[in-house]
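I have placed the structure first, in the form of structure tokens, so that the comments after it can refer back to it.
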Amino acid sequence: MLVALLPGDGIGPEIITQARRVLDALAIEGLVYEEALVGGVAYKAVGHPLPPATLDLARRADAILFGAVGDPDCDALERHLRPEQAILGLRKELGLFANLRPAKMFAELADASTLRPEVASAIDLMIIRELNGDVYFGEKAMRTTADGQREGYDIMSYNEGEVRRIAHVAFRTAQARRGRLCSVDKANVLETSQLWRDVMIETAADYPDVVLSHMYVDNAAMQLVRNPGQFDVIVTGNLFGDILSDQASMCVGSIGLLASAALDGAGKGLYEPIHGSAPDIAGQGKANPLATVLSAAMMLRYSLGLPDQADRIEAAVARALAGGARGADLGGTMSTAQIGDAVVAAL
Ligand SMILES: NC(=O)c1ccc[n+]([C@@H]2O[C@H](COP(=O)([O-])OP(=O)(O)OC[C@H]3O[C@@H](n4cnc5c(N)ncnc54)[C@H](O)[C@@H]3O)[C@@H](O)[C@H]2O)c1
Ligand SMILES: CC(C)[C@H](C(=O)O)[C@@H](O)C(=O)O
Ligand SMILES: [Mg+2]
């Protein structure tokens, strides 16, 4: 089994190092790793954020463990050369359309949430974000209007096939959990969302055991902090899912805790923390590696057929947290490597 390791920029290498240590400690037979450049480091080395050799490795691999991309030095580059294009390109080129972003409160962290403990302790939800469409991948450009103003535009669209395939993933996920699916859209304003809602309702006919509800995205953002315990599975588009998942991360204590899987529906997956390259803390040993460690657990579960090993990592993270393994993001003092040590010791 080949795992592509793509550490990327900023805190990416620091957090991938810790995830790799945890994987190594499991001594899984037959697991091999190959590393490649991605993001700003790839642009600086070879002139492109997603070099052909990296894309080729990602295609050959059974799974991809990804750190983060993004570098302030690159923010003025033409868009197609910016580091972020690497992650967008991998998702699109590999057809990784289903993004699973689970948020569950670790009991040991109830005090770390910005929500009151009795509100936060009820959080056990899964955000399913569509990852290959929406305003992210529509036509976009800058142009000049007739009266000489600069104008930027980005076309938002979904076709029904794109919505239906993510709907099936979401309904099946809800079936395997508590049977409740909340579809989040903006159907009161957007045609894209009206189609989204119509297709969700049509697909529901195949899943009579799942209770489907709908919520506008503005209300969903409010409900996530008012009463997050009401959610089981949330399914939403690319942009809304991006925003709501960062919000959900803070509800469970830190953005440094939320893992994700980007799946193609056929077993291949890219696994990454939901956060970015955090240039403000890069290279200082302050990054929380747990989102990446938990992403490695998702990789073992969803792509490598090793659910018991995944459970082992997740249990070790819970034990490490119970033992006080907290970095600055959770009000503690441990470094990135010390948190890694604590997880390895708890395996
Ligand atoms: N998938 C990705 O690679 C990805 C995701 C999001 C943002 N980005 C990129 O990352 C760069 C920075 O973006 P941003 O600042 O908006 O978001 P960010 O997620 O990198 O950081 C937001 C805040 O959270 C903190 N933070 C993030 N991860 C943390 C961790 N593991 N431990 C402790 N604190 C953590 C950061 O220090 C920062 O204060 C940008 O270039 C952006 O495009 C990349
Ligand atoms: C870096 C960016 C392109 C990316 C996104 O918007 O999908 C990030 O925010 C994420 O959540 O993975
Ligand atoms: Mg994001």
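Each ligand, and each atom within it, is numbered from 1 in the order the structure gives.
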Can you pull out the closest protein heavy atom to [atom]? Residue, atom name and distance to 0.1 Å, please.
atom: atom 6 (O) of ligand 2; result: Y136 OH, 2.5 Å
atom: atom 3 (C) of ligand 2; result: L88 CD2, 3.8 Å
atom: atom 24 (O) of ligand 1; result: I255 CG2, 3.7 Å
atom: atom 10 (C) of ligand 2; result: R101 NH2, 3.5 Å
atom: atom 9 (O) of ligand 2; result: D242 OD1, 3.1 Å

Between ligand 1 and [X], is the shortest N or O to N or O distance under 3.5 Å?
X: V69; result: yes
X: I274; result: no
X: S277; result: yes
X: G276; result: yes
X: D75; result: no

Considering [options] one by one, which has a heavy atom nearer to [atom] than any of the others?
atom: atom 34 (N) of ligand 1; options: N288, I281, L330; answer: I281
atom: atom 12 (C) of ligand 1; options: G70, G327, P279; answer: P279
atom: atom 2 (C) of ligand 1; options: K286, E84, H275; answer: H275

Would you check whether [X] reaches within less than 4.0 Å of ligand 2, judged by its heavy atoms?
X: R91; value: yes
X: Q85; value: no
X: R82; value: no

* Taking the six-membered ring of F106 as reference, does the NZ or CZ atom of R319 fall below 6.0 Å from its centre and within a 45° cone about the axis? ->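 No, cation not above the ring by the 6.0 Å, 45° rule.
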* **K286 vs D329, salt bridge (Lys or Arg N to Asp or Glu O under 4.0 Å): CA-CA, chis, key distance, verdict** => CA-CA 8 Å; K286 288 184 185 163; D329 59 316; over 6 Å; no
* **Under 4.0 Å to a heavy atom of I274 - the qualifying atoms of ligand 2, by number** =>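 Every atom of ligand 2 under 4.0 Å from some heavy atom of I274: 11 (O).
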* In this structure, which one of I128, T203, V235 forms a side chain to side chain contact (heavy atoms under 4.5 Å, CB included) with S183? ->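 The passing option is V235.
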